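Since this is a predicted model, take the numbers as computed values, not measurements. In what follows, chains are A, B, ... by sequence order, proteins preceding strands, each numbered from 1.
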Amino acid sequence: MMPPHAKAQGVDEPNAPAHPNRARRFARPWAYFVSRLDPRPQALFSPMLPIFTAALAIAIFIFDTVTPYEIAAASLQVVVVLLSLRFCRKQGVIFVSLGCAALSILSAVLTIVSYVPTAGSTFSLGVINTSISLTAIAATAYLALATETARQTAERAQAHLAHVARLTTLGEISASIAHELNQPLTAVITNANAATRWIRSEPPNPQKVTSSIESIVEDARRASEIIARIRALTTRAEPQNAWVDINAVIQEVLVLIQSQLNENRIVVRAELNNGLPSVFGDRIQLQQAVLNLIVNAIDAIGAAQADPREIRIRSRKTRPSGVEVSIEDTGGGLTTTDVNQIFDAFFSTKTGGMGIGLSICRSIIEAHHGRIWAEKGEPSGATFHFTLPGTQEANQ
Amino acid sequence: MNLGAPATRTQKSTVAIVDDDPSVRKAISNLCESEGFDVVAFSSTAEFLRWSIPETPVCMVLDVRMPGENGLDFQVELAKSHAEIPIVFVTAHGDIPMSVRAMKAGAIEFLTKPFRDQDLLDAINGGLAKSRMRRNALEMNAELEARYQSLSNREREVMDLITKGQLTKQIAATLNLSEITVKVCRRQIMTKMQANSMLDLGRMSEKLERMRSGPAELR
């Protein structure tokens, strides 16, 4: 579960004073309210749910109004409050609860106005029932808010754990990262030496000097890109949701882990389909999930002394608009028990494995409303698949 | 003996670079070009094997660690295929066993990235010198063989006996020839083999003997 997208836009800070500019940031009047909704893309849950909830609230309101005053139909509004939890954040739930309470009072007033002449005898009973309804709504709102807070705490704890796991994985692949940085640095030094030689040569070759310097700039940029990538993985930031190209995520991970693959003499065959739908989620977390799966595959191949040493990464579109990524290794493979338990925390088939990597993968993928599963390979090896929901429109 | 040209010929030398990393490949190419070498670069050893090795001296700069293969294994393979190309290894983090293995298998040098430019160029020059010597020796062998082939059967028989230390008289008796004929043969042999002295001819014969007894390799 992701915190509000609105956070990124600086709209949702709890203590921020109301700002006149704030309303102007939204082109459409309802956009402000929508920004307070859960940011999960509409594709992930029925866009009809808020409409249905609103319709239900009005139906209850009408029912409450037309029934005699002593019938506490307004208490049914608790259903509306609970439903709002499905698509609203804290403030949204408060908003809905207040709305429900207001509707109850309004309905009570209307009922009294229209029924007073005929239903005077039950007026006191009606007041009690209205109070009960309001209390029920308030109690439900309180519980809903408590649930939401608990969910956010759990989310934060999970983000912490994911961060720790990321650091652990990065520690494991630090040699790979060092190598990956050493390459462009070697190129920089070598090109600089070459440039000196081109200047000193008789006659000097300015064209070659220029091209050498251009290469140096290019290589240095590559080095800093690698550092930026590592930095992104090590900083503990709140998840930032955006539309992400899963193929780019896979390629970024492959850059970081390339030399680990080389060292283990593992060949990666990436069959990444173009035109995949974008997926909505946190780029870093998705990188982590892919990274963990690849590190897992490397370990499996290393442990099995497998031949051929190969990891096959495929990405493809699923119906109607999701993506599926599969990572297949030629390692020792899994038993049926493994397949069922492999994503459980502290379950590991590796000697010295903590059993964290894959369980983190699962929590990341599930938080992105996807699914992850493992399969035994034939005759050996294992394949890990995950799916993620995406947009209707193809990427690119 | 005046066999073959000395190694001072100003021949164009080729450096073959095999590294999977494009920027490192480009940088080493650049450095080698600045030193005036011809450069060919490959991203894998498989690609290198498809290259037709030129007649000029060649030195190879090889990355130890590449996707799916190991430079050290390739060194052994290359040696087996008799393509004796001197190899300079470069690696990001080589350890001692790795470098020992490479040097034992005949590597020119084992450099750790990032290397000093002069170290690499010195190693390449060393490799090229080795390649040039080897090439010259092979040329000399080929030349010697060609001269020997130009002899007639009789001349070869006579040469064989000369180098065994027999005198003209003895040769004439052994082959049932006149002494004059043997003398004429002898002069012919000295001319065709371009030998300056009997000692020189003896050395050539010894060399030919050795070339016959093994594969067409440098001895």
Side-chain angles (χ1 to χ4, degrees), chain A residues 175-202 204-205 207-223 226 254-255 257-270 301 307-311, chain B residues 15 17-37 39 41 43-47 61-74 77 88-95 97-98 110-125:
Chain A
S176 176
I177 292 166
H179 178 91
E180 224 40 68
L181 269 177
N182 201 23
Q183 296 284 61
L185 293 179
T186 299
V188 166
I189 294 171
T190 310
N191 275 317
N193 284 325
T196 315
R197 281 165 191 278
W198 287 119
I199 291 172
R200 288 195 187 140
S201 69
E202 269 315 318
N205 190 332
Q207 226 172 340
K208 285 288 188 181
V209 174
T210 314
S211 75
S212 303
I213 292 172
E214 279 166 4
S215 298
I216 291 173
V217 173
E218 214 172 279
D219 298 333
R221 188 169 293 138
R222 186 182 142 198
I226 292 166
L254 285 177
V255 167
I257 202 144
Q258 187 57 52
S259 96
Q260 183 108 338
L261 293 163
N262 287 356
E263 187 168 25
N264 289 288
R265 280 182 290 129
I266 293 170
V267 179
V268 169
R269 302 205 189 285
I301 292 173
D307 189 55
R309 304 166 77 82
E310 208 172 279
I311 298 175
Chain B
V15 180
I17 297 158
V18 185
D19 198 313
D20 63 303
D21 189 294
S23 48
V24 173
R25 201 162 64 226
K26 202 172 149 197
I28 298 179
S29 301
N30 189 13
L31 183 67
C32 291
E33 277 168 20
S34 76
E35 192 68 6
F37 298 130
V39 176
S43 63
S44 67
T45 51
E47 209 181 294
V61 178
L62 179 60
D63 188 4
V64 177
R65 248 168 52 175
M66 280 179 296
E69 56 186 342
N70 182 324
L72 297 175
D73 293 342
F74 177 75
E77 248 175 71
V88 176
F89 278 106
V90 285
T91 177
H93 33 104
D95 47 20
M98 217 190 254
F110 193 92
L111 299 171
T112 308
K113 289 181 190 172
F115 37 77
R116 282 187 53 232
D117 56 337
Q118 202 52 55
D119 289 348
L120 180 70
L121 293 172
D122 287 350
I124 289 173
N125 275 318

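Contact of B:Glu35 with chain A is made through the side chain alone, with heavy-atom distances under 4.5 Å. With a 4.5 Å cut-off on non-hydrogen atoms, A:Asn191 touches chain B through its backbone and its side chain both. Contact of A:Arg222 with chain B is made through the side chain alone, with heavy-atom distances under 4.5 Å. Heavy-atom distances place the side chain of A:Glu218, and not its backbone, under 4.5 Å from chain B. Looking at B:Leu121, only its side chain comes within 4.5 Å of chain A, counting heavy atoms on both sides.
Contact check for A:Asn182 versus B:Pro114: side-chain heavy atoms found under the 4.5 Å cut-off. Counting heavy atoms from C-beta outward, B:Asn30 and A:Ser212 have side chains that approach closer than 4.5 Å. Between A:Asn262 and B:Asp20 the shortest side-chain heavy-atom distance falls below 4.5 Å. Here the side chains of B:Arg65 and A:Arg265 are not in contact, with every heavy-atom distance at 4.5 Å or above.
Taking the side-chain contact (heavy atoms from CB on, under 4.5 Å) definition, one finds that B:Ser43 meets it with B:Arg25, B:Glu47, sequence neighbours left out. Residues that satisfy the side-chain contact (heavy atoms from CB on, under 4.5 Å) test with B:Asp117, not counting sequence neighbours, are A:Asn193, A:Arg197, B:Leu31.
Minimum heavy-atom separation, B:Ser34 to A:Ala194: CB-O, 4.1 Å.
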